[in-house]
Engineer: 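I'd like to ask some things about the structure below.
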Amino acid sequence: MSQKQIVEVVDDGGDTATLVNDNGFPLPNFPEGIGIDRVRSVKIRDDDILISTYPKSGTHWVFEIARELLAGKIIDDDVTKGQAFVEMVPEEKYADLPSPRFLNTHLLMKHLPDDVRNKKIKIIYVLRNPKDVAVSLYNFLRTIPFINYKGEWKNYLRPFFQGKFIYGSWMDYVLDWEQVKKDNPDLPVLTLFYEDIKEDQMREMRRICEFLGVERTDDFLSKVCDNTTIASMSTRKKPDDSGAKVFRKGGVGGWKNWFTVAQNEWWDRLYQERMADCPLQFKYTL
Ligand code: A3P
């Protein structure tokens, strides 16, 4: 039995965001959203490639880069990672895509079909520093009509940290993934950082090529770089049906324009407590 109900999440100023509580996990109320119970039964192919991220970590960017690298050609269409976003799109809409398919999700491993692990499909796991994620998600939430959030930044940050908004806590997500990697050392997972791609896209694309088992020339890689700038992608990708704005600034360190000194000190203190055992280091500026 599905356990889904609409909830109004209240921020520190009394503004609300309309979400779905799906088996205790806060999700967007996607118009066609299939819910965690049905995601669990999605059929996984041996050669599916899964892009797994916490929201706003560069999913669209990495999808575009990875599919062009795999195809070995520049692709100029308007397709986005949304075509096989497993918790948003009914399975029949991507079931006939030719192999290998790029699936993507922001769910936790426990929400995904067991065959993701049983079949040991390739997973590209992308992380981004949580301060830029917090800002990006704030701006994103305010553009999604069916979430209908109008709150102010100062009232958003604490509930964000606590995991009240979509997909729960960033810290829980990252800690869960570190545990999944530890418990499943034979799972093929490529861990990428948004900031590293910004810093040296050629280097990170070589890592993606190696992971996907393809060889591409530097000349081709540099064409992929040109075709995957935020300016290039934002002109050719059609906006999401929801009206959500995906392409915003696309930088590293934008959080400094949003976090007050007090918010930053508060964040750093709580972050250190919560993430004390996590070995991951993030770049907050380049
Ligand atoms: P900002 O809101 O900080 O600008 P996702 O795809 O996971 O939803 O992540 C969205 C974030 O990635 C947004 O960050 C967006 O602007 C940024 N982004 C999208 N395309 C990008 C690109 N080609 N290069 C760099 N950043 C990109």
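As a basis for the values below, the full set of heavy atoms in this structure was taken, side chains included, without hydrogen atoms, waters or symmetry mates.
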Engineer: Parallel, tilted or perpendicular: which describes the rings of F259 and W267, with under 30° parallel and over 60° perpendicular?
Structural biologist: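 Judged by the thresholds at 30° and 60°, the geometry between F259 and W267 is perpendicular.
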
Engineer: One thing to verify: whether D48 and K122 come together as a salt bridge, which I'm taking to mean a side-chain N less than 4.0 angstrom from a carboxylate O.
Structural biologist: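 No, no charged N to carboxylate O under 4.0 Å.
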
Engineer: Kindly say whether the aromatic ring centers of W170 and F161 come within a distance under 6.0 Å.
Structural biologist: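 Here the rings of F161 and W170 have centres that are no less than 6.0 Å from each other.
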
Engineer: Quiz question: by atom type and distance under 3.5 Å, do the side chains of N104 and T59 form a donor-acceptor pair?
Structural biologist: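 Judged by distance alone, the side chains do not pair up.
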
Engineer: Looking at R158 and D11, is any side-chain nitrogen of the basic one under 4.0 Å from a carboxylate oxygen of the acidic one?
Structural biologist: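 Between R158 and D11 there is no salt bridge, as every charged N stays at least 4.0 Å from the carboxylate O atoms.
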
Engineer: Under the side-chain contact (heavy atoms from CB on, under 4.5 Å) test, which residues partner N29, sequence neighbours left out?
Structural biologist: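 Counting only residues at least two positions away or on another chain, N29 forms a side-chain contact (heavy atoms from CB on, under 4.5 Å) with I6, V20, F146.
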
Engineer: Look at atom CD of E152 and say whether more than 12 heavy atoms of other residues, nucleotides or ligands are closer to it than 6.0 Å.
Structural biologist: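 Counting neighbours around CD of E152, 12 or fewer heavy atoms of other residues, nucleotides or ligands fall under 6.0 Å, so no.
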
Engineer: What about Y156 and F165, are their ring centers closer than 6.0 Å?
Structural biologist: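 Yes, they do, as the ring centres are separated by less than 6.0 Å.
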
Engineer: Measure the shortest side-chain to side-chain distance between I197 and I65 over non-hydrogen atoms and say whether it is less than 4.5 angstrom.
Structural biologist: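 Yes, side chains in contact.
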
Engineer: For W153, is there any backbone N or O sitting under 3.5 Å from a side-chain donor or acceptor partner on Y138?
Structural biologist: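 Confirmed, Y138 side chain pairs with W153 backbone.
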
Engineer: Could you tell me if the ring centre of Y194 sits under 6.0 Å from that of W61?
Structural biologist: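 Yes; W61 has its ring centre under 6.0 Å from that of Y194.
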
Engineer: Surrounding CG of D277 (heavy atoms of other residues, nucleotides or ligands, distance under 6.0 Å), is the total greater than 12?
Structural biologist: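 At most 12 heavy atoms, drawn from other residues, nucleotides or ligands, come within 6.0 Å of this atom.
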
Engineer: Quick one: does any side-chain atom of R40 pair with a main-chain N or O of L112 as donor and acceptor, under 3.5 Å?
Structural biologist: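 Side chain of R40 to backbone of L112, a donor-acceptor pair under 3.5 Å: yes, one is there.
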
Engineer: Would you please say whether a donor-acceptor pair under 3.5 Å links the side chains of N264 and K131?
Structural biologist: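 There is such a pair between these side chains.
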
Engineer: Would you find more than 12 non-hydrogen atoms of other residues, nucleotides or ligands less than 6.0 Å from D218 atom CG?
Structural biologist: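 Yes.
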
Engineer: Hey, is R207 close enough to E210 for a salt bridge, meaning N to O under 4.0 Å?
Structural biologist: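 No, this pair does not count.
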
Engineer: For E8, I'd like to know if atom CD has over 12 heavy atoms of other residues, nucleotides or ligands within 6.0 Å.
Structural biologist: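 Correct, the count exceeds 12.
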
Engineer: Scan H60, H106, R128, K81 and name whichever one has a side chain to side chain donor-acceptor pair (under 3.5 Å) with T53.
Structural biologist: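 Of all the options given, the one that passes is H106.
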
Engineer: Salt bridge check: are D115 and K43 linked by an N-O gap of less than 4.0 Å?
Structural biologist: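 Result for this pair is no, no salt bridge flagged.
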
Engineer: Any side-chain to backbone donor/acceptor pair from N184 onto L187? Under 3.5 Å, distance only.
Structural biologist: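 Judged by distance alone, no pair lies under 3.5 Å.
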
Engineer: Quick one: CD on Q83 to CE on M88, what's the gap to the nearest 0.5 Å?
Structural biologist: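 One gets 10.5 Å once the value is rounded to the nearest 0.5 Å.
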
Engineer: Start with the C-alpha distance between F160 and W258, add both sets of side-chain angles, then the distance that settles ring-ring contact (aromatic ring centres under 6.0 Å, His included), and finish with yes or no.
Structural biologist: CA-CA 14 Å; F160 168 77; W258 292 81; over 10 Å; no

Engineer: Do the charged groups of D46 and K119 touch, with an N to O distance under 4.0 Å?
Structural biologist: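 Counted as a salt bridge, because a side-chain N and a carboxylate O are separated by less than 4.0 Å.
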
Engineer: So with a 6.0 Å cut-off around CD of E273, is the heavy-atom count from everything else above 12?
Structural biologist: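 Count over threshold, so yes.
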
Engineer: Can you check whether G168's main-chain N or O pairs, donor with acceptor, with Y54's side chain at less than 3.5 Å?
Structural biologist: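 Yes.
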
Engineer: Does the side chain of Y125 come within less than 4.5 Å of L50's, by heavy atoms?
Structural biologist: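 When only atoms from C-beta onward are counted, Y125 and L50 do not touch, as no gap falls below 4.5 Å.
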
Engineer: Between the main-chain N or O of D77 and the side-chain N or O of K237, is there a donor-acceptor pair closer than 3.5 Å?
Structural biologist: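 Looks like yes, one N/O pair under 3.5 Å.
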
Engineer: Answer whether the closest heavy-atom distance between the side chains of Q201 and T228 falls below 4.5 Å.
Structural biologist: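 Answer yes - side chains close enough.
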
Engineer: For the backbone of D196 and the side chain of D200, can you confirm whether one donor and one acceptor N or O come within less than 3.5 Å of each other?
Structural biologist: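 No: the side chain of D200 does not pair with the backbone of D196.
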
Engineer: Do side-chain atoms of E195 reach the backbone of N129 as a donor and acceptor pair under 3.5 angstrom?
Structural biologist: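 Present.
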
Engineer: Does a side-chain N-to-carboxylate-O contact under 4.0 Å join D132 and K198?
Structural biologist: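 So D132 does not pair with K198 through a salt bridge.
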
Engineer: Any side-chain donor paired with an acceptor under 3.5 Å for T191 and K181?
Structural biologist: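 T191 vs K181: donor-acceptor pair found between side chains.
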
